[in-house]
Asks: 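Okay, handing you the structure first.
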Amino acid sequence: MVGRIAQAAANDPRIRRLIARSTRSWRQREHVIRYGPAAGMRINLRGSRPSYVFGVAEPDTQHLLGSWLRPGDVFYDLGANVGFFSLIASRLVGPEGHVFAVEPSPTTAYALRSNVERNALVNVTVIEAAVGREDGTARFDPTSEVSQDARLIEDSRAGGIEVRVVSIDALVRGGARPPNVVKIDVEGAEEDVIIGMHKTLATYAPRVVCEIHRTFHSTEHPVEIMLRDAGFMVSWLETGMTRNSEWWAPHVVAVPAVPVQRV
């Protein structure tokens, strides 16, 4: 039942808003995650998704990361929110691995850091920034009550707050361990993220799971094309994906066309 409610909320922002209003105080307390690969870890939602507490958020993505991540791997959580997937990845990659959790919203990044600290995770680095095609700054709208709906503002005159922007290529060039697996959930900025990591994709060939937020095209989404052109085999994580779905934000999955030797 909880899983079905979580899926309905993921598909329809109206249901998310209803759940947000009815669980406001509950979502401001610390909880122990009940099920799944992060079971037993502590999390404060700070207003985010109740399904994180029950461990049922995006089960397909959880299963994918469980099959991909190995001890010693490096995971990039781009659009980490309050850190649910960073907690999972921290456990999966172990003390020899590392997680880079990137989140632009100052309030959400504070919650992310708090969740890392309350679980004493020394293999997680929190980066308070948006991810884009190059380093710089951008305007960001953090006003949505449900933090996963916050997003960058394309028109610099449209208000919001100024946030730092990092590109993945610059992050790796600056000394960050390159990723084995990348999760992208950036509320419509997916294409800019991929443009800003083209060298990382070419050099290190990480596996990628990317949530899609913009309108689908009649044939292929630009993210599909960009990843395929970068030398990846591309598919969709969810079965029965409907391109014309109004609410559903499905995931593109990309794996190297030429297998990468992993030790």
Side-chain angles (χ1 to χ4, degrees), residues 10-11 13 57-58 60-61 64-65 68 75-81 84-86 89 100-105 108 127 129-142 144 146-155 160 163-172 179-202 204-238 241-256:
N11 293 345
E58 300 183 39
D60 291 336
T61 304
L64 187 70
L65 296 182
W68 279 359
F75 176 66
Y76 281 21
D77 191 357
L78 310 183
N81 199 268
F84 177 71
F85 285 105
S86 291
F100 291 92
V102 189
E103 170 57 43
S105 166
T108 307
I127 300 173
V131 186
R133 61 179 65 197
E134 59 186 9
D135 285 4
T137 61
R139 305 301 295 181
F140 179 78
D141 177 14
S144 172
V146 183
S147 58
Q148 64 262 26
D149 289 341
R151 65 189 65 216
L152 292 176
I153 302 171
E154 294 184 0
D155 186 345
V163 297
R164 174 189 174 201
V165 178
V166 299
S167 75
I168 298 306
D169 284 344
L171 193 66
V172 173
N180 300 100
V181 176
V182 179
K183 190 216 83 182
I184 303 172
D185 183 359
V186 291
E187 307 298 328
E190 300 88 24
E191 295 166 51
D192 285 343
V193 171
I194 293 170
I195 290 171
M197 63 183 296
H198 70 279
K199 290 183 180 178
T200 300
L201 292 172
Y204 301 103
R207 298 183 180 192
V208 178
V209 55
C210 177
E211 188 166 302
I212 300 298
H213 292 272
R214 289 188 172 174
T215 304
F216 285 101
H217 294 232
S218 58
T219 53
E220 289 186 305
H221 192 278
V223 169
E224 293 180 80
I225 298 170
M226 294 169 71
L227 288 169
R228 187 175 292 113
D229 288 347
F232 289 77
M233 295 185 296
V234 177
S235 61
W236 290 91
L237 179 59
E238 293 82 2
M241 192 272 296
T242 303
R243 291 181 182 273
N244 295 322
S245 173
E246 183 177 2
W247 305 119
W248 193 12
H251 297 76
V252 168
V253 174
V255 297

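Since the structure is predicted, the reported quantities are computational estimates derived from the model, not experimental observations.
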Asks: Decide yes or no for Arg228 and Glu220: does some side-chain heavy atom of the first lie under 4.5 Å from some side-chain heavy atom of the second?
Replies: yes
Asks: Could you check whether any side-chain heavy atom of Asp60 comes within less than 4.5 Å of a side-chain heavy atom of Glu238, counting everything from C-beta outward?
Replies: yes
Asks: Going by heavy atoms in the side chains, are Asn180 and Pro206 under 4.5 Å from each other?
Replies: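 No - every pair of side-chain heavy atoms lies 4.5 Å or more apart.
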Asks: I need the single residue from Val252, Val193, Ile184 that forms a side chain to side chain contact (heavy atoms under 4.5 Å, CB included) with Val208. Which is it?
Replies: Ile184
Asks: Of the non-hydrogen atoms in Gly79 and Glu103, which two are nearest, and what is the gap between them?
Replies: C-OE1, 3.8 Å
Asks: What residues, two or more places apart in sequence or in another chain, satisfy side chain to side chain contact (heavy atoms under 4.5 Å, CB included) together with Ala202?
Replies: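 With neighbours one apart ignored, the set is empty.
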Asks: After noting the C-alpha distance and the side-chain angles of Asp185 and Asn81, does the key distance pass the side-chain contact (heavy atoms from CB on, under 4.5 Å) rule?
Replies: CA-CA 9 Å; Asp185 183 359; Asn81 199 268; over 6 Å; no
Asks: Would you confirm whether Asp192, through its side chain, and Arg133, through its main-chain N or O, come within 3.5 Å as a donor-acceptor pair?
Replies: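 Side chain of Asp192 to backbone of Arg133: no pair is present.
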Asks: Are the side chain of Asp169 and the backbone of Lys199 linked by a donor-acceptor contact shorter than 3.5 Å?
Replies: yes
Asks: Please report the closest heavy-atom contact between Ala205 and Phe232, naming both atoms and the distance.
Replies: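 The answer is CA-CZ, 3.9 Å.
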Asks: If you look at every heavy atom in Ala80 and Lys183, which pair is closest and at what distance?
Replies: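 In terms of heavy atoms, the two residues are closest at CA-NZ, 4.5 Å.
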Asks: Taking all atoms of both residues into account, what is the closest heavy-atom pair of Ala254 and Leu227, and its distance?
Replies: CB-CD1, 3.8 Å
Asks: Do Val182 and Met197 come close enough that some side-chain heavy atom pair is under 4.5 Å?
Replies: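 Yes - at least one pair of side-chain heavy atoms lies under 4.5 Å apart.
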Asks: Atom CD1 in Ile168, atom CG in Asp135: separation rounded to 0.5 Å?
Replies: 9.5 Å
Asks: If every non-hydrogen atom of Ser167 is compared with every non-hydrogen atom of Gly196, which pair is closest and at what distance?
Replies: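 Scanning both residues completely, I find the closest heavy atoms to be CB-O, 3.6 Å.
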Asks: Please determine whether side-chain contact (heavy atoms from CB on, under 4.5 Å) holds for the pair Asp77 and Val102, giving the CA-CA distance in whole Å, both sets of side-chain angles, and the decisive distance to 0.1 Å.
Replies: CA-CA 6 Å; Asp77 191 357; Val102 189; over 6 Å; no
Asks: What residues form a ring pair (Phe, Tyr, Trp, His ring centres under 6.0 Å) with Phe100, not counting sequence neighbours?
Replies: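 Expected list: Tyr76, His98.
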Asks: Does any non-hydrogen side-chain atom of Leu171 lie less than 4.5 Å from one of Val131?
Replies: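 Side chain of Val131 against side chain of Leu171, heavy atoms only: no contact under 4.5 Å found.
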Asks: Which residues pass the side chain to side chain donor-acceptor pair (under 3.5 Å) test with Arg164, not counting sequence neighbours?
Replies: none
Asks: Between atom CD1 of Ile127 and atom CG of Leu78, what is the distance when rounded to the nearest 0.5 Å?
Replies: 9.0 Å
Asks: Test your reading of the model: is there a side-chain donor-acceptor pair from Glu224 to the backbone of Pro222, 3.5 Å cut-off?
Replies: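 Here the side-chain-to-backbone pair does not exist.
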Asks: Which heavy atom of Val165 sits nearest to which heavy atom of Thr137, and what is that distance?
Replies: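 That closest heavy-atom pairing would be CG2-C, 3.7 Å.
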Asks: Check whether any side-chain heavy atom of Val234 sits under 4.5 Å from a side-chain heavy atom of Val253, and report yes or no.
Replies: no
Asks: Rounded at 0.5 Å granularity, tell me how far CD in Glu211 sits from CD in Glu187.
Replies: 6.5 Å
Asks: Below 4.5 Å, heavy atoms only, C-beta onward: do Phe75 and Pro179 meet side chain to side chain?
Replies: no
Asks: Looking only at side chains, do His251 and Glu58 share a donor and an acceptor under 3.5 Å apart?
Replies: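 There is such a pair (donor and acceptor under 3.5 Å, judged by atom type) between the side chains of His251 and Glu58.
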